[in-house]
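As a basis for the values below, the full set of heavy atoms in this structure was taken, side chains included, without hydrogen atoms, waters or symmetry mates. Read the numbers this way: they start at 1 and go in the same order the structure lists the ligands and their atoms.
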Amino acid sequence: MGDKRFNRRNFFKIVGAAGVATGTAALLPKDAIFAKSRKEGKGGLSQEVRPGELDDYYGFWSGGHSGEVRVIGVPSMREISRIPVFNTDVASGWGITNESKALLRGRAGGDTHHVHGSYKDGVYDGKYLFVNDKLNNRMARIRIDYMEVDAIVDVPNIQGAHGLFPQRYPRTEWVVLNSEFQTPVPNDASNKKAFDNPQEYYGMHTIIDAEKMEIVCQVMLDENCDLAATDYQGKYSMTTSYNIEKGVTISEMLASDYDYMLVFHWGRIKKALAAGKYRKVNGVKVLEGRKGRSDIVLRIPVPKNPHGINISPDGKYAVCCGKVSPTVTVVELDRIDLAYAGKIKPEECIVAQPYVGLGPLHTTFDGRGNAITSLFIDSTNVKWNIAKAIEAEKKGKEAKKENPHIVDVLDIHYQVGHIMATMAETREADGKWLVSLNKVSKDRYLNVGPLKPENDQLIDISGEKLRLVHDSPAYIEPHDCIMVRRDLIESKVKHRYEMFDHPLAVTKSGVERKGKKVTIRMTANAPVYGLQEARVKKGDEVTLIVTNHDEIVDLSNGVAISNYNINFVIAPYQTKSVTFTADRPGVHWIYCTNFCHALHLEMRMRLIVEV
Ligand code: K7E
Ligand code: CA
């Protein structure tokens with residue numbers, strides 16, 4: 001149990017009893033953490049995480065049209081935290097502070113679908129997470145040490161920024177981001193001739209530099225790009241395309257009997273860039289990728305309107321989900337070299353097309369040669385064996401009839417989109433847990449009105465059969481997730497900020513006036529701010545900068561200005577700032593919103609706005 005004096009509850013008692021003086025926090029060790037690892041149950045996987053124990057995996061969930069990312073403990077399925085990304089979060093102040101506003105550049109709102117981590121040698125390196133914004137066409141990077149967004153890149157020339165995947169090998173230098181919607185390029189008044197001519201709408205496969213968070217280039221296509229993947233060799237990225245027709249209505253998008261899996265040749269892309277074979281559109285290098293005009297894109301025909309594309313953890317196969325076809329298409333990645341060399345036809349990269357059921361959307365892997373595919377229409381997860389599917393394909397029609405590849409089918413509740421197994425998008429897929437991100441929960445929870453939660457179901461995949469263990473409600477609407485072994489993340493995550501990484505970190509409180517601009521600088525040490533009052537004049541442009549000087553783990557302060565709709569939280573050693581116009585005269589209490597101390601309620605000061 002460790003030293004009882006030092007747990008958080010006792011900390012409040014001690015500090016409370018010690019009085020209001022600042023610096024009482026120093027009575028405590030800086031990193032007093034006593035939680036334990038979970039004990040594994042007997043006879044299969046146990047989901048139980050007892051009080052005081054920690055989960056085995058960090059789950060990173062996209063938040064869909066909530067615009068955020070969520071951190072879920074697996075296997076408990078407890079929501080541990082939320083990382084605001086493209087949204088406004090009034091609890092933490094994301095979208096309210098100057099720091100977050102600078103990253104959001106005036107657009108707080110988003111639609112996150114795909115969260116993926118940065119890699120080294122095909123396994124997460126614990127540095128970054130990347131996430132798309134389908135609404136405003138950008139990509140954010142979250143630094144894992146603070147679990148906070150540190151960069152957002154706006155991507156011009158695309159719409160429906162959807163499939164996203166980082167380079168897996170040798171390390172993440174590039175991240176690819178797809179445009180699901182074709183548009184005119186450029187898409188502005190200069191090109192209004194194209195508005196009514198969908199044949200002049202194009203898709204883009206965008207490549208982003210993961211460190212610089214700048215666009216490397218875009219590959220222009222007639223097709224749209226839906227989901228994205230990268231291989232385990234650093235040679236190719238892939239996407240599915242469901243609108244090779246350039247349709248603008250559903251029936252037009254379904255007109256062709258087939259669509260494509262597109263494969264992008266990174267070596268040739270680098271060559272084309274070096275040779276200057278691009279034009280610049282809105283400041284971005286755009287490479288020619290259209291059919292018949294370029295050798296950097298390979299088009300593998302697949303049954304019409306495919307959706308997910310996932311790479312098996314051994315790096316051998318890409319699995320493309322049929323969506324409107326009840327099959328998945330298995331592409332052997334080694335054959336792509338041959339197809340690029342013109343030795344085989346693109347369709348000869350396909351080594352199996354097994355039946356899986358109705359509405360296959362996404363596939364994940366157990367690392368033991370099995371794939372698990374989500375079936376939206378059937379409302380099932382189907383486990384199937386990749387080698388058996390390939391073998392049956394070789395033997396021919398009769399062998400395929402028996403569906404020898406299917407291992408198990410599990411009913412889920414209901415209408416599943418993505419599924420993901422633990423570590424499945426890495427070389428170290430461990431085949432323990434599967435999460436089925438179901439779009440519909442219907443009757444699985446207490447009725448909360450017409451808008452119901454999603455239903456994330458936890459499934460034990462350690463045995464032959466898929467075993468449903470837990471239902472977990474999720475607020476609208478996660479699309480995808482990854483589950484990362486705890487050891488790859490935990491040691492990277494910090495308990496406090498580096499105070500002076502923030503150029504405005506405050507060490508001395510005070511008020512400074514330059515004309516009509518007033519800067520209020522103050523420290524926060526629970527339970528006091530560094531100032532008891534600040535006086536400004538009506539109409540002043542006020543910048544408030546606050547630094548939390550408490551080094552105690554988990555001792556965060558809030559800063560809220562009454563009637564000014566300003567509210568944010570500062571974690572240990574963190575600095576945040578806000579700028580506002582003092583347009584409401586009077587006495588306005590600035591108070592701490594985040595419970596910090598026995599005298600938390602007394603942690604307040606006056607902002608006096610004089611006329
Ligand atoms: Cu299938 Cu946006 Cu990955 Cu939703 S996407 S389910
Ligand atoms: Ca189509």
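A donor-acceptor pair under 3.5 Å is formed between the side chain of Glu348 and the backbone N or O of Lys345. With Ser100 contributing its side chain and Gly95 its backbone, the two residues share a donor-acceptor pair below 3.5 Å.
Below 30°, between 30° and 60°, or above 60°: for His114 and His418 the angle between ring planes is above 60°, a perpendicular geometry.
At least one N, O or S atom of His479, from either the backbone or the side chain, sits less than 2.8 Å from atom 4 (Cu) of ligand 1.
Near Leu227, meaning under 4.0 Å from one of its heavy atoms, ligand 1 places the atoms 3 (Cu). Each of the following atoms of ligand 1 lies closer than 4.0 Å to a heavy atom of His307: 1 (Cu), 5 (S). Which parts of ligand 1 touch His114 is read off a 4.0 Å heavy-atom cut-off, strictly below it: atoms 2 (Cu), 3 (Cu), 5 (S). Atoms of ligand 1 found under 4.0 Å from any heavy atom of Lys439 (numbered from 1 in listed order, with element): 4 (Cu), 6 (S).
By the 4.0 Å N-to-carboxylate-O rule, Asp150 lies close enough to Arg141 to be salt-bridged with it. Electrostatic pairing of Asp408 and Lys383 does not count as a salt bridge here, judged by no charged N lying under 4.0 Å from a carboxylate O.
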